[in-house]
Amino acid sequence: MRPVHSVFVIGESRTNADNAITKMYGTFYMAFEIDDETSEVLDFSCTHTIDTTQAFLRKLFLGQSFPEIDEWLEETLNCRYGGSSRKAVLVAYRDALKRWHLMTGK
């Protein structure tokens, strides 16, 4: 087995009660695989009901410096993301960021 040089974190949040994600999953999750050395987002997935939601968010996050996402995410979501889970995306990212800080000490 080759050594793994990444960490895996999940962020959790709630969506609106009438959101399909809430009805199907109860909670909104976003998962990130992050490079140990560069903090680059290597992989991303999330709970979703429409594949395009995950594809759009994936394009936003892949290749980005994980801790620096916090500097631009809220504004980007406000300008470019019209989904009803906008606030849930921001909260889930920040929850994942807290877990990442605890795991890595960065």
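Predicted, not measured: the structure shown is a model, and the values here were computed from it.
Within the structure, salt bridge (charged side-chain N to carboxylate O under 4.0 Å, His left out) pairs that include any residue of residues 44-58 comprise D43-R58 (at least two apart or interchain). Residue pairs satisfying the salt bridge (charged side-chain N to carboxylate O under 4.0 Å, His left out) criterion with at least one member in residues 82-97, sequence neighbours excluded, are listed as follows: D70-R94, E74-R94, D95-R99.
For the atom pair CD of E12 and OG1 of T27, the computed distance is 4.5 Å after rounding to the nearest 0.5 Å. L77 contributes atom CG, which lies 7.0 Å from atom CG of L60 (distance to the nearest 0.5 angstrom).
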Apply the test side chain to side chain contact (heavy atoms under 4.5 Å, CB included) to residues I34 and V9: give CA-CA distance (whole Å), side-chain angles for both, the deciding distance (0.1 Å), then the verdict. CA-CA 8 Å; I34 305 156; V9 292; 3.7 Å; yes

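Here E37 pairs with D35 under the side chain to side chain contact (heavy atoms under 4.5 Å, CB included) rule; sequence neighbours left out. Judged as a side chain to side chain contact (heavy atoms under 4.5 Å, CB included), and not counting sequence neighbours, the contacts of K106 are S39, W100, T104. Residues that satisfy the side chain to side chain donor-acceptor pair (under 3.5 Å) test with E33, not counting sequence neighbours, are S6. With sequence neighbours excluded, the residues satisfying ring-ring contact (aromatic ring centres under 6.0 Å, His included) with F32 are F44, F61, F66.
Listed here is the closest heavy atom pair of E40 and G63: OE2-CA, 3.6 Å. Scanning both residues, P67 and Y93, for their nearest heavy atoms gives O-OH, 3.6 Å. Of all heavy-atom pairs spanning A88 and F28, the tightest one is O-CD2, 3.7 Å.
W72 and V91 fall into different hydrophobic clusters, where Ile, Leu, Val, Met, Phe, Trp and Tyr are joined by side-chain heavy atoms under 4.5 Å apart, directly or via other members. Cluster annotation: I50 and V89 are assigned to distinct hydrophobic clusters (Ile/Leu/Val/Met/Phe/Trp/Tyr, side-chain heavy-atom contacts under 4.5 Å, transitive).
Considering only heavy atoms from C-beta on, L57 comes within 4.5 Å of Y81 through its side chain.
Between the side chain of Q54 and the backbone N or O of S45 there is no donor-acceptor pair closer than 3.5 Å.
The number of heavy-atom neighbours closer than 6.0 Å to CD1 of I10, taken from other residues, nucleotides and ligands shown, is above 12.
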